[in-house]
Amino acid sequence: MEDYSIANMTKEQRIALIRQWIPDEDGLGDSGDMDLWDIYADYINGKREIAEINAEMSGTYYTEEDLK
């Protein structure tokens with residue numbers, strides 16, 4: 001398993017990694033709420049690790065059925 005920590009990657013490598021995660025057509029259109037560049041900007045800029053960002057985003061998600 002590769003080590004994607006900030007200490008082991010250059011900024012250019014971090015950008016290339018995030019670019020790999022972006023599908024050609026993500027189905028979000030221009031009004032999509034998720035922008036991986038924004039989400040992982042701190043990682044790209046060497047401020048926070050991927051695990052920290054992912055942990056912050058984890059949470060409880062509800063479906064419409066759950067809310068009935």
Side-chain angles (χ1 to χ4, degrees):
M1 183 171 195
E2 288 194 48
D3 182 1
Y4 297 116
S5 66
I6 292 167
N8 290 326
M9 297 184 76
T10 66
K11 183 172 184 174
E12 290 76 21
Q13 290 171 317
R14 293 190 299 266
I15 290 170
L17 177 65
I18 302 305
R19 186 171 284 130
Q20 289 176 18
W21 297 348
I22 299 174
D24 291 334
E25 176 54 51
D26 59 13
L28 296 176
D30 293 335
S31 63
D33 295 334
M34 278 186 62
D35 182 350
L36 293 180
W37 296 115
D38 288 340
I39 292 170
Y40 291 103
D42 281 351
Y43 171 69
I44 292 169
N45 293 314
K47 297 178 182 178
R48 295 190 304 156
E49 297 290 348
I50 292 172
E52 294 175 76
I53 296 168
N54 289 345
E56 182 180 281
M57 290 187 335
S58 68
T60 304
Y61 298 94
Y62 299 97
T63 65
E64 287 185 32
E65 279 297 313
D66 295 330
L67 298 175
K68 289 182 181 178

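Just so we're clear, the structure is a prediction, and the values are computed from it rather than from any experiment.
- The line from NZ of Lys11 to CD1 of Ile44 is 8.0 Å long, rounded to the nearest 0.5 Å.
- For Glu65, the salt bridge (charged side-chain N to carboxylate O under 4.0 Å, His left out) partners at least two apart in sequence or on another chain are Lys68.
- Residue Gln13 qualifies as enclosed at atom CD: its count of foreign heavy atoms under 6.0 Å is above 12.
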Acceptor/donor pairs from residues 36-43 side chains to any protein atom, 3.5 angstrom cut, sequence neighbours excluded:
| unit_1 | atom_1 | unit_2 | atom_2 | d |
| --- | --- | --- | --- | --- |
| Tyr40 | OH | Asn54 | OD1 | 2.5 |
| Asp42 | OD2 | Arg48 | NE | 3.0 |
| Tyr43 | OH | Tyr4 | O | 2.6 |

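- Rounded to the nearest 0.5 Å, atoms CD1 (Ile50) and CE (Met9) are 7.5 Å apart.
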